[in-house]
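The analysis underlying the following values was restricted to heavy atoms, covering all of them including side chains, and did not include hydrogens, waters or symmetry mates. Predicted model, so just to flag it, every value in this text is computed and none were measured. Labels below follow one simple rule: chain letters A, B, ... track the order of the sequence lines, proteins then strands, and each chain is numbered from 1.
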Amino acid sequence: MKLKNYKQRIESIPEFTKREAKHSLDILDRIHELLQEKFGGRQKLLAEKMGKKEAEISRWINGNHNFTMKTISKLEAAFGAPIIAVCTSDVDADFEQVKSPFNTFHKTVFVSEAGLREERQLSFTEVKMTLADEEIDEMSI
Amino acid sequence: MIVYFELIEDLCSKRVDVYTVRIDDEAAFEYEKYYEKEFVQHDEERDFIDSALEEIRKRGALRRYFRNEGPADALPNGVPDEIVKLNENDQGIRLYCIRLSDNVLILLNGDIKTIQDPKDCPNVRKHFLFAQRLACFLTTYIFEEGIDLVNDRYCFHKKEVEL
């Protein structure tokens with residue numbers, strides 16, 4: 001069966017809502033990846049590390065939760081690894097690679113105070129270029 | 001009760017076959033009924049669910065993307081921050097579904113849930129109970145019929161079962 005005006009309906013959804021849904025699923029993917037990597041997939045061990053009941057962790061992991069920044073931060077601390085990363089032009093920023101099956105590779109260019117250009121190959125699901133391609137071409141080292 | 005399965009073409013992808021069902025002689029499919037509903041003051045949540053389904057099309061119907069509802073499942077997987085609630089009893093939209101595997105998803109009907117226990121909510125009770133019943137039936141049916149959910153694409157398309 002076909003849905004009535006489905007394409008138009010999807011196109012009319014505000015961009016921020018689409019991003020919110022995408023970020024929600026990205027975060028769930030990353031948490032599952034870290035749970036496997038750090039605790040062998042065992043929610044009980046994560047719960048013990050966080051001082052929480054396994055049932056609460058299970059609700060988080062299995063999609064019955066709307067994550068706050070606080071919760072994400074607590075999970076990152078328990079995993080000892082990032083769940084989210086923020087784009088920044090800070091040359092000292094330390095981005096760890098975020099593994100996801102939906103990675104897109106982007107080149108991020110930083111310009112230090114001395115005017116030196118540094119490039120890093122980073123892997124994120126959503127990363128904006130710090131500089132536009134035209135701006136990179138115009139720069140002199 | 002006769003249940004007839006059909007693919008929802010707009011939602012199918014390489015990663016997931018998305019079905020809905022029609023019950024007995026009813027004219028509309030269950031997901032079609034949900035799709036056509038007006039959810040007053042819940043536009044944002046409705047958009048979120050539609051967006052989540054679009055993401056599921058690209059990624060597959062992974063277990064973690066769904067709310068667990070016993071043998072069945074539901075969307076959304078976390079209520080957006082700024083859902084507008086009509087009153088204190090408004091718990092948001094529930095779209096009931098059955099996730100058979102990462103590759104097979106059945107979308108049913110739903111509504112705005114107003115009571116903690118869906119069995120007691122006048123809006124969603126019928127949809128919740130039907131999802132439970134169909135999910136239990138399919139668990140046995142798949143095993144008895146030897147249906148291969150991974151390799152047998154479109155295994156439920158235009159199939160009829162009797163509950």
Atom CZ of residue position B:R57 - does it have more than 12 heavy atoms of other residues, nucleotides or ligands inside 6.0 Å?
yes
Hey, what do you get for CG (A:L35) to CZ (B:R64), rounding to the nearest 0.5 Å?
10.0 Å
Under 4.5 Å between side-chain heavy atoms, hopping through other hydrophobics if needed: is there a path connecting B:Y4 to B:Y19?
no
Would you say that B:Y35 contacts A:R9 through its side chain, given a criterion of any heavy-atom pair below 4.5 Å between the two side chains?
yes
For the pair B:D10 and A:K7, find out whether any cationic side-chain nitrogen is under 4.0 Å from an anionic carboxylate oxygen.
no
Look at atom CD of B:E38 and say whether more than 12 heavy atoms of other residues, nucleotides or ligands are closer to it than 6.0 Å.
no
Gap separating the CD atom of B:E36 from the CG atom of A:L3, nearest 0.5 angstrom
8.5 Å
Same apolar cluster: B:L105 and B:F5, side chain cutoff 4.5 Å:
no
Give the cluster check for B:V124 versus B:I93: same hydrophobic cluster or not, with ILVMFWY residues linked at side-chain heavy-atom distances below 4.5 Å.
no
CG of B:D43 to CD1 of A:I13, rounded to nearest 0.5 Å, is 11.0 Å
Does the side chain of B:I56 reach to within under 4.5 Å of the side chain of A:L25, using non-hydrogen atoms?
yes
Just wondering, do B:E54 and A:K18 contact through their side chains at under 4.5 Å, heavy atoms?
no
Can you measure from CG (B:L7) to NZ (A:K2) and round to the nearest 0.5 angstrom?
11.5 Å
Roughly how far apart are A:Y6 OH and B:I8 CD1, rounded to 0.5 Å?
9.0 Å
Show the nearest heavy-atom pair for residues A:A21 and B:A52, with the distance to one decimal.
CB-N, 3.8 Å
Please state whether the side chain, the backbone, both or neither of B:E6 comes within less than 4.5 Å of a heavy atom of chain A.
side chain
Count the heavy atoms of every other residue, nucleotide or ligand shown that sit under 6.0 Å from CG of B:D25, and state whether that count exceeds 12.
no
To the nearest 0.5 Å, atom CG of A:D26 lies from atom CZ of B:R59 at 4.5 Å
Which atoms of A:I10 approach chain B - backbone, side chain, both or neither, heavy atom under 4.5 Å:
side chain
Group every Ile, Leu, Val, Met, Phe, Trp and Tyr by side-chain heavy-atom contacts under 4.5 Å, then state whether B:V16 and B:Y154 land in the same group.
no
Interchain contact, B:L53 with chain A, by part (heavy-atom threshold 4.5 Å):
neither
Following the transitive rule for hydrophobic clusters with a side-chain heavy-atom cut-off under 4.5 Å over Ile, Leu, Val, Met, Phe, Trp and Tyr, establish whether B:I23 and B:Y34 coincide in one cluster.
no
Heavy-atom distance under 4.5 Å to chain A: side chain of B:Y31, backbone, both or neither?
side chain
